[in-house]
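The structure presented is a predicted model; accordingly, all values stated were derived computationally and were not measured.
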Amino acid sequence: MLTRARLIRSCCLALALVAMSPAGAQDGDRSRGGAVAIAADVSGAPGGSTKLTLTLSKPVEARAFVMERPDRAVIDLAEVNFQLDPESGRRREGLIQSFRYGLFAPGRSRIVIDLASPATVVRAETVTRPRDGAVLFTVELQRTDREAFRKAAVASDPAPSQAKSAAPTDTGDLRPLIVVDAGHGGTDPGAIAATGVFEKDIVFGFAQALAKRLEAAGRYRVRMSRDRDVFVPLGERVRIAREAKADLFVSIHADSISAAPQVRGATIYTGSERATDAESARLADRENKADAAAGTDSSEAPADIADILQELTLRETRGFSSSFARTLMGQLGPVMEMSPKPHREAGFRVLRSPDVPSVLVELGYLSSKRDLDLLQSEEWRETVTGSMAKAIDLFFTNRASLTRPGPSARKAASIAPVSP
């Protein structure tokens, strides 16, 4: 006989499956036809294995592989609309330390499982449960030794090339182009507040608001590095700005220090091989691991300076970046809390463009209740984006001639690839 809890769960599942059927689906879901995930369960299995099971609206094709440093199992799927409990993936169970999920590229979703110990994927299959028609997608992990895991990781092809968005064609529009970069996204949630709010969602909302404000002014062309909750590799963000010949790159983030909830305030970062302080170095190192968090690794080494012309271009660009950072600091100071050291330098990968002035803005701390409340306030967002827009106006006014590096400098700067 069913317990009360199991009966309630079965009824909820039945109602969810009806809602996801063609008769109950939203028009947008019907037209897209993608699978919807409504539940996730992690359980131990005989023989020391662990199973992750998703309840889906329809079957999906999947591809699984493992990666080392850190140890992960990665499952690539056709695009899935994950409607899961926010706590899904945060509890350790057996071989699964935690897992995360999201849109990895247009038309493709990804699940990244952090492994508690080396394990291989022995099964990744979809079955339909006869009693209620639920579609169950199960990933089964089996413990293995380090050497076998290393061989499995080497044999995997973990990074199929992502479709790259084409750079916009030259329309003759001479207005400065600004790329607004919302940090993290898709399978990479970024920092997570105690309330369960993801950094990727907060900064995306802010980036959208900033882009709209800049577009409304009519003085600039504006492009976002991502226009929805999708993962974009760090190197791809740099490539987008460079190939579009952007005049300014602004990356939006929000930090978190759970051990120090009293710490709050915004910080503006510019790129440098040497960090201003240990805290900045740690933050850059954490942000630079975003690709690994999403189940892909960056294999490119840092670019060497090709020649003296490229070195001069990089020096000039960093000068413009620092100039904008100081202008931005002056505009943000009166309207928001700033950290004790509001302008710092560190080796962020997204700030490595040699010919696009770039800054990274940490809006505040998700670990601070006060900062978190403000970050989720529409009124605060309007005020801060207004001040950022004013700083951008001042930056380009002071560069009336807009001395963007010329064609020869750009050509030299592109000789060596930029590391993501």
Side-chain angles (χ1 to χ4, degrees), residues 176-183 203 207 210-211 214 220-225 234-235 237-253 255 266-277 279-281 283-284 287-288 302-303 305 309-333 338-339 341-363 387-406 409-410 412-414 416 418-420:
L177 172 63
I178 299 167
V179 172
V180 180
D181 173 51
V203 299
L210 177 60
L214 293 171
Y220 311 103
R221 293 171 292 143
V222 183
R223 183 175 180 186
M224 292 185 66
S225 61
L234 299 174
R237 296 168 191 259
V238 176
R239 187 196 70 83
I240 287 170
R242 295 194 70 198
E243 291 196 359
K245 295 182 173 61
D247 297 291
L248 185 64
F249 177 89
V250 181
S251 189
I252 306 297
H253 290 256
D255 203 356
T267 306
I268 303 160
Y269 289 91
T270 49
S272 173
E273 279 73 31
R274 180 174 296 181
T276 306
D277 49 63
E279 181 183 340
S280 300
L283 176 62
E287 295 289 0
N288 290 344
I305 299 299
L309 183 57
Q310 183 179 351
E311 185 177 5
L312 291 173
T313 300
L314 177 62
R315 189 180 303 171
E316 180 186 42
T317 299
R318 286 185 171 171
F320 285 134
S321 299
S322 294
S323 173
F324 175 62
R326 291 190 295 271
T327 301
L328 186 58
M329 188 169 57
Q331 293 301 312
L332 292 182
M338 303 296 288
S339 68
K341 295 179 181 177
H343 177 202
R344 307 185 193 191
E345 297 180 341
F348 292 92
R349 286 181 176 173
V350 294
L351 302 181
R352 288 186 180 175
S353 173
D355 48 7
V356 180
S358 306
V359 300
L360 185 149
V361 182
E362 293 281 353
L363 294 171
S387 292
M388 290 185 76
K390 186 174 181 181
I392 291 170
D393 287 342
L394 290 171
F395 175 67
F396 285 108
T397 298
N398 293 336
R399 291 177 64 190
S401 58
L402 195 59
T403 52
R404 180 202 290 168
R410 281 184 175 273
S414 63
V418 174
S419 170

Student check: side-chain heavy atoms of Met388 and Val180 closer than 4.5 Å:
no
Exercise: identify the closest heavy-atom pair between Val222 and Ala211
CG1-CB, 3.8 Å
side-chain hydrogen bond (donor to acceptor under 3.5 Å, both in side chains) against Asp255, all qualifying residues, sequence neighbours excluded:
Arg286
Less than 4.5 Å apart, any side-chain heavy atom of Phe249 and any of Ile240?
no
Only counting residues at least two apart or in another chain, list the ones meeting salt bridge (Lys or Arg N to Asp or Glu O under 4.0 Å) with Lys341.
Asp277
Please report the closest heavy-atom contact between Pro176 and Asp247, naming both atoms and the distance.
CA-OD2, 3.2 Å
Spell out, as yes or no, whether a donor-acceptor pair under 3.5 Å connects the side chain of Ser321 to the backbone of Thr317.
yes
Could you grab the distance from atom CD1 of Ile268 to atom CE of Met338, nearest 0.5 Å is fine?
4.0 Å
Parallel, tilted or perpendicular: rings of Phe395 and Phe320 (30°, 60°):
perpendicular
Compare every heavy atom of Leu360 with every heavy atom of Leu351, then report the nearest pair and how far apart it is.
CD2-N, 3.8 Å
Just by modelled atom types, is the Ala391 backbone N or O under 3.5 Å from a matching donor or acceptor in the Thr327 side chain?
no
Can you sort out the partners of Ser339 under side-chain hydrogen bond (donor to acceptor under 3.5 Å, both in side chains), two or more places apart, ordered by chain and number?
Thr267
Under the side-chain hydrogen bond (donor to acceptor under 3.5 Å, both in side chains) rule, collect the residues that match up with Ser225, sequence neighbours excluded.
Asp181
Should Ser353 and Asp355 count as side-chain neighbours, where that means a heavy-atom distance under 4.5 Å?
yes
Flag side-chain contact, heavy atom, 4.5 Å: His253 against Leu283
no
Rounded to the nearest 0.5 angstrom, the CZ-CZ distance for Arg352 and Arg318 is 9.0 Å
Knowing that exactly one of Ile178, Val179, Leu177 qualifies, which makes a side chain to side chain contact (heavy atoms under 4.5 Å, CB included) with Leu248?
Ile178
Please find the pair of heavy atoms, one from Val350 and one from Ser251, that lie closest to each other, and give the distance.
CG2-OG, 4.2 Å
Is there a side-chain contact between Pro354 and Arg242, using heavy atoms and a 4.5 Å cut-off?
yes
By salt bridge (Lys or Arg N to Asp or Glu O under 4.0 Å) - contacts of Glu279 (at least two apart)
Arg344
How many angstroms lie between CZ in Phe324 and CG in Leu394, if you round to the nearest 0.5 Å?
9.5 Å
Output yes when a side-chain donor or acceptor of Arg237 lies under 3.5 Å from a complementary backbone atom of Ala182, and no otherwise.
yes
To the nearest 0.5 Å, how far apart are CE in Met329 and NE2 in His343?
7.0 Å
Tell me every residue that passes side-chain contact (heavy atoms from CB on, under 4.5 Å) with Ser272, counting only those two or more places apart in sequence or in another chain.
Arg274, Glu345
Specify the closest pair of heavy atoms between Ser280 and Tyr269, including all atoms of both residues, with the distance to one decimal.
OG-CE2, 3.4 Å
